[in-house]
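For reference, the structure discussed in these notes is given below.
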Amino acid sequence: MKEYNFREIEQKWHQNWVANKTYKVSEDESRKKFYVLNMFPYPSGAGLHVGHPLGYIASDIYARFKRLQGFNVLNPMGYDAYGLPAEQYAIQTGQHPEVTTFANIDRYRQQLDKIGFCFDWDREVRTCAPGYYHWTQWAFQKMFNSFFCVKCQKAQPIEQLVKWFEEHGSADLNVACSEELTFTADEWNSWDDKKKSDVLMNYRIAFMGETMVNWCAGLGTVLANDEVVDGVSVRGGFPVEQKKMRQWCLRVSAYAQRLLDGLDTIDWSDSIKETQKNWIGRSEGTEVQIKVADQDFDFTIFTTRADTMFGVTFFVLAPESELVDKVTTADQRGAVDEYIKYVKGRTERERMIDHTVTGVFSGAYGVNPITGDKCPIYISEYVLAGYGTGAIMAVPAHDSRDYAFAKHFNLPIIPLIEGADVSEESYDAKEGIVMNSPVEGKTAFDGFCLNGLTIKEAIKATKKFVTEHNLGRVKVNYRLRDAIFSRQRYWGEPFPVYYKNGIPTMIPEECLPIELPQVEDFKPTETGEPPLGNAKVWAWDEQNKKVVDKSLVDEKTVFPIELYTMPGFAGSSAYYLRYMDPNNSEALISEKAATYWQNVDLYVGGSEHATGHLIYSRFWNKFLFDLGISKKEEPFQKLVNQGMIQGRSNFVYRIKDTNTFVSLGLKDQYDVTPIHVDVNIVKNDVLDTEAFKAWRPEYATAEFVLEDGKYVCGWAIEKMSKSMYNVVNPDMIVENYGADTLRLYEMFLGPVEQSKPWDTNGIDGCFRFLKKFWALYWDKEGNLQVDNSEPSADSMKTLHKLIKKVTADIEVFSYNTSIPAFMVATSELAQQKARSRQVLEPLAVLIAPFAPHIAEELWEALGHDTSVCDAQWPELDEKYLVESSVKLAVQFSGKVRFTMEFPADATSEQMIAQVMEAEESQKYLEGKQVVKTIAVPGRIVNIVVK
RNA sequence: GCGGGUGUGGUGGAAUUGGUAGACACGCCAGACUUAGGAUCUGGUGCAGCGAUGCGUGUAGGUUCGAGUCCUAUCACCCGUACCA
């Protein structure tokens, strides 16, 4: 028999694909487009492990399938090349991050090439390439030159706003801003450039703002919220503290409503949608003005429970609120200052873990506008400065946090809901009938009364009342915060910004990109400037329009350039657009490419990006959509989150204080320490003892206590990592079994979206299958045994069953069930001795998405001179699936008793009659009474007897 | 606390969506071929029992002729989030 020589086959077809540019795509108006995309990888130094290609394989199968169905498929790949590891390596070794990054990219490419993906490599992007980040810088400038109009829910050119200011000042403004400013046209016109620039920053979509940032001293930079977990940095695990800094920010919050609404239009999993909804955190509530008693100012609180205004017994301000200083009375000043000092000394982490009640009385009182009651104003860290107005009204009876605070400071608690017992804890539920509003005997402003209403009605009534009496207004708040857009790093996109007499000014669009300068040292400067402070050639010559030496700065025509760089998500937010037209030097993408490719139809990647990349990308795309660049409001129509591949670690058990290792089954008889052992010297949990001795010098003299002549290792499921010695490299699998087997096995392992452990043990099954599949086509002498004979009905049925199953499975990403279908079909066809071209040719096409190399080889052997990629996906013909008879389970009172054959088109009545007459039935019917008969044609027959 | 998800053999996982639970594969057992097997092929393999048969989808109820699937309660684990007023 002709052997299945995967090495030869795979090498041959890899070369063939490269030579013929089989996977090159271009816009083709005659065919429908389909855009498949994977989240591009950060090329880390460790290379790919067996978990990385999972999503690539899944989407590659889909891409190939769509191509076979006649779509013009875009399936690109690139690299998210900016990142911390390369920079930290650079700091340690002095090696330029570009050098290590490029070396890693080459390694990735080599590994990827072995797996047989249908990527169009001519479209590769690298975020660190000037030709790429040109457009990152460009988009930033566009955001700088835009503001967000709330009324039309759209980005608009900043000139429009300037014009408005010149004519109307801030009157009737309804735009997204950092804080509400009030000024007249005359005031605006009288301001100098610096002041105007400062005011405009309040409205730009990319703006500079004083904000509390997550400062990570260990990394020497600020981090985005999603880069911090449990108060420490995701990368490196360094502590993170809150710090006020002047930073570039993106006004993502302006798009909160659109980001929320858009979720209803896309085909993503409920869990990711839910995560994004929570992250955006829309909440409808009421803002109420609170007058400070005996002082001449008021403040605003935000509440979603306007119905509880009669139960307010105190107010609370966030410690960071600027109101604190204003309200604090002279005799409480000392106590307040001490408290603020205490709060500042607490790290983010401490505040998150420790929820004990702390706070201090400010000395001032706020007036409840509805009851006229004076309530004390406290300051406490349980109120957050960054949400709402940084001030709340406290209703201890119906909010557990207020309740804890009231108990601690002995403040009154007024229950407002009928039947609610608040003696032990607050009643937070939003269900019940309102009472005590107002408390009997007391009067409220304008006779306002809520008693007897449900909570929902009461909220509505209060909103109406507050608005009508000008006490406050209805307000929607979002938890989503603006994204901090600067990093104090070297290895990132430089900002195309220079400082002209302190005014941030954009480098002209036609001068982009401005390239990352060379530096001597990748660390921050001695004066604490970011690493770009080390760059010599880093000043902007306005007249000559070029980057010049820093020593030439004269503040007249030559100015310093921004020292910050952009964060990781800058380059990854619009890369899917760039793939459409990756080499365009005139525009991010041409109108033609954008119109043809529209957006990503299928996006595959990890769910860990739910609140980072997938929010930023949607935001970025919406902005570009407003500009007319992107043609779809949502960038990723369907999202599939592939699960993580975990490692399966192996252990050996060393008897304490010896160099003797005992096999798993016997370890309980000794005092042993489990030790991780490299999974590559273990097969089916049996240790290769010689390889173990050679693994490390200290084990060279190891002795073993065997069971049944073998050393059996223990195992555990852990994260795949070097330190656990459980990393399985795809190259090794490809070397031993071939790429087609690897592809098949990765899909066979389980549902794509599920996390699952890697276990190389099972791979033999897939390898055997491919050998059997191969053997369908070749006889013992190694000749193609496919002929033009008429196929048997059985073979056609097998084939069409498979077409049906596989076609349906691919559409829903259920590859793990189509591979068993192939296995079953293969053994059926082998048994049927199927030789007909009518069966075996479509079969080769069916397997092409999964195992492209073997499919190409067979396709060629069948006499085709074009790639199997250009074949046609076999069409299902249901007529082959029609059964003449069906074998059904016969049940008596729901219990299956025997099976029986029925004509396929038998009616319920016929089936029941047939069962009643059957010989086997008699013993179940004897002496019993038939209560009921159920028969579903093609499904089941059930006779209920008593 | 809140939100989302998952519980099926020794293992990974199937189940036409309410109709013969355990497809397929690994592992294991037996056999064949072999100097050999960590190669290949054949058969067996949910549990208990010699057997007929009984019991079986985290647990306890319910709906139904019939439940892994639907409903109620409960437990366990995983993921996300964290004082959001």
Side-chain angles (χ1 to χ4, degrees), chain A residues 229-230 269-279 281-283 285-286 301-305 308 316 318 351-355 357 380-384 386-395 398-402 404-405 428 477-481 607-608 610-611 641 643-644 648 683-686 688 710 715 717 744-745 748-751 753-766 768-769 771 804-805 808 814 816-824 827 887-899 931-936 938-945:
Chain A
V229 170
D230 293 338
S269 75
D270 288 343
S271 71
I272 294 271
K273 281 190 186 179
E274 204 56 43
T275 305
Q276 291 217 340
K277 269 183 201 162
N278 293 341
W279 193 258
R282 180 193 156 100
S283 85
T286 316
I301 57 97
F302 175 77
T303 180
T304 53
R305 290 294 300 275
T308 59
V316 189
R351 251 176 110 160
M352 246 154 60
I353 296 167
D354 173 24
H355 282 185
V357 177
S380 172
E381 58 178 337
Y382 87 87
V383 173
L384 305 175
Y387 183 76
T389 60
I392 62 152
M393 63 177 209
V395 185
H398 303 295
D399 182 288
S400 53
R401 296 152 302 176
D402 298 345
F405 195 86
D428 292 15
N477 260 333
Y478 299 92
R479 205 187 77 114
L480 185 70
R481 301 207 206 145
S607 57
E608 67 272 21
T611 53
N641 295 115
M644 287 245 284
R648 188 178 187 279
K683 175 133 187 184
N684 290 346
D685 290 337
V686 175
D688 180 338
K710 292 182 295 195
W715 59 272
I717 303 303
L744 240 36
Y745 186 56
F748 181 73
L749 220 45
E753 294 175 86
Q754 194 175 302
S755 286
K756 57 225 164 231
W758 178 265
D759 183 356
T760 307
N761 289 345
I763 200 165
D764 287 326
C766 287
R768 265 180 222 137
F769 156 68
K771 283 195 276 193
K804 187 175 183 176
K805 173 77 178 148
S814 183
N816 59 317
T817 57
S818 15
I819 290 157
F822 272 111
M823 292 176 176
V824 172
S827 55
K887 214 175 193 180
L888 292 187
V890 175
Q891 306 177 348
F892 284 90
S893 297
K895 278 228 183 307
V896 176
R897 294 301 174 180
F898 55 89
T899 58
V931 180
K932 197 172 180 180
T933 56
I934 298 111
V936 184
R939 289 281 179 91
I940 200 87
V941 184
N942 187 10
I943 313 288
V944 184
V945 293

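Order of the sequence lines fixes the chain letters, A, B, ..., with proteins taken first and strands second; residue numbering starts at 1 for each chain. Model, not experiment: these values are computed from the prediction. Every heavy atom of this structure was used, including side-chain atoms; hydrogens, water molecules and symmetry mates were not.
Applying the 4.0 Å criterion to OP1 and OP2 of B:rC65, one finds that A:Lys895 has every side-chain N and O outside that range. Residue A:Tyr382 places none of its side-chain N or O atoms closer than 4.0 Å to OP1 or OP2 of B:rA85. Residue A:Lys932 places at least one side-chain N or O closer than 4.0 Å to OP1 or OP2 of B:rC65.
Base orientation at B:rG44 is anti, since its O4'-C1' glycosidic dihedral falls outside 90° of 0. Classification of B:rU17 as syn follows from a glycosidic angle within 90° of 0.
With a 4.5 Å cut-off on side-chain heavy atoms, A:Val896 and A:Phe898 do not count as touching. Residues A:Thr303 and A:Val395 fail the side-chain proximity criterion, which asks for heavy atoms closer than 4.5 Å. Here the side chains of A:Leu749 and A:Trp758 are in contact, with some heavy-atom distance below 4.5 Å.
Nucleic acid contact for A:Asp270: none, since no nucleic acid atom lies under 4.0 Å from a heavy atom of the residue. Using a 4.0 Å heavy-atom criterion, one finds that A:Ile392 contacts the bases of the nucleic acid, with or without backbone contacts as well. A:Val383 comes within contact range of at least one nucleobase, with a heavy-atom separation under 4.0 Å.
If you measure from atom CG of A:Asn641 to atom C1' of B:rG4, you get 12 Å, rounded to the nearest angstrom. Taking atom CD of A:Glu753 as the reference point, atom P of B:rG80 lies 17 Å away to the nearest angstrom. Between A:Asp428 atom CG and B:rC83 atom C1' there is a gap of 12 Å when expressed in whole angstrom units. Atom-to-atom, NE2 of A:His355 to C1' of B:rC2 comes out at 13 Å; the value is rounded to the nearest Å. Rounded to whole angstrom, the span from the CG atom of A:Asn278 across to the P atom of B:rU81 amounts to 10 Å. Taking atom CZ on A:Arg282 and atom P on B:rA85, their separation rounds to 13 Å, with Å as the unit. Remark: P of B:rC83 and CZ of A:Phe405 are 16 Å apart, rounded to the nearest angstrom. Atom-to-atom, CG of A:Asp399 to P of B:rC83 comes out at 13 Å; the value is rounded to the nearest Å.
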Any N/O pairs under 3.5 Å between the protein and nucleotides 28-34 of chain B? List them or say none.
none

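To the nearest whole angstrom, the two P atoms, one in B:rG44 and one in B:rC26, are 15 Å apart. Look at the P atom in both B:rC71 and B:rG18: the space between them is 11 Å, to the nearest Å. Straight-line distance between the C1' atoms of B:rU45 and B:rC70: roughly 33 Å, to the nearest whole Å. Nucleotides B:rG9 and B:rA25, compared at atom C1', are 14 Å apart to the nearest Å. Distance noted for atom P between B:rC29 and B:rC78: 34 Å (whole Å). Comparing B:rG68 with B:rG22, their C1' atoms sit 11 Å apart, to the nearest whole Å. Taking the C1' atoms as reference points, B:rU57 lies 4 Å from B:rU8, given to the whole Å. Look at the C1' atom in both B:rU59 and B:rA76: the space between them is 10 Å, to the nearest Å.
Nearest-nucleotide positions on RNA chain B for A:Met393 and A:Ser271 put A:Ser271 closer to the 5' end. When the nearest nucleotides of RNA chain B are assigned to A:Ile272 and A:Lys756 by heavy-atom distance, the more 5′-ward of the two goes with A:Ile272.
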Test log, rule side chain to side chain contact (heavy atoms under 4.5 Å, CB included), inputs A:Ile392 and A:Asp402: CA-CA 10 Å; A:Ile392 62 152; A:Asp402 298 345; 3.6 Å; yes
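Applying the side chain to side chain contact (heavy atoms under 4.5 Å, CB included) rule to A:Met823 yields the partners A:Phe748, A:Cys766, A:Phe769, A:Ile819; only residues at least two apart in sequence or on another chain are considered. Annotation: ring pair (Phe, Tyr, Trp, His ring centres under 6.0 Å) contacts of A:Tyr478 (sequence neighbours excluded): none. For A:Glu753, the side chain to side chain contact (heavy atoms under 4.5 Å, CB included) partners are A:Val640, not counting sequence neighbours.
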Under 3.5 Å for both distances, Watson-Crick or G-U wobble, that's the pair rule; now give the dot-bracket for RNA chain B, with | marking pairs to another strand and [ ] for crossing ones. (((((((..(((......[....)))((((((.......))))))(((....)))..(((((..]....))))))))))))....
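Of all non-hydrogen atoms in A:Ile943 and A:Thr933, the two that sit nearest each other are CD1-CG2, 3.9 Å. Contact between A:Ala889 and A:Thr899 at its shortest, heavy atoms only, is CA-CG2, 4.2 Å. Of all heavy-atom pairs between A:Arg305 and A:His398, the closest is NH1-O, 4.4 Å.
Sparse packing is recorded around NZ of A:Lys804, with 12 or fewer heavy atoms of other residues, nucleotides or ligands lying under 6.0 Å away.
Proximity of a side-chain donor or acceptor of A:Ser755 to a complementary backbone N or O of A:Gly643 within less than 3.5 Å is not detected. Remark: side-chain polar atoms of A:Asn942 are not paired, donor with acceptor, to backbone N or O of A:Ile934 under 3.5 angstrom.
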Contact letters for nucleotides 14-25 of chain B, in which S counts primed atoms plus P, OP1 and OP2 and B counts the base, heavy atoms under 4.0 Å: S--S-BB--BBS
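The side chain to side chain contact (heavy atoms under 4.5 Å, CB included) test with A:Asn816 is passed by exactly one of A:Ser814, A:Pro820, A:Ser818: A:Ser814.
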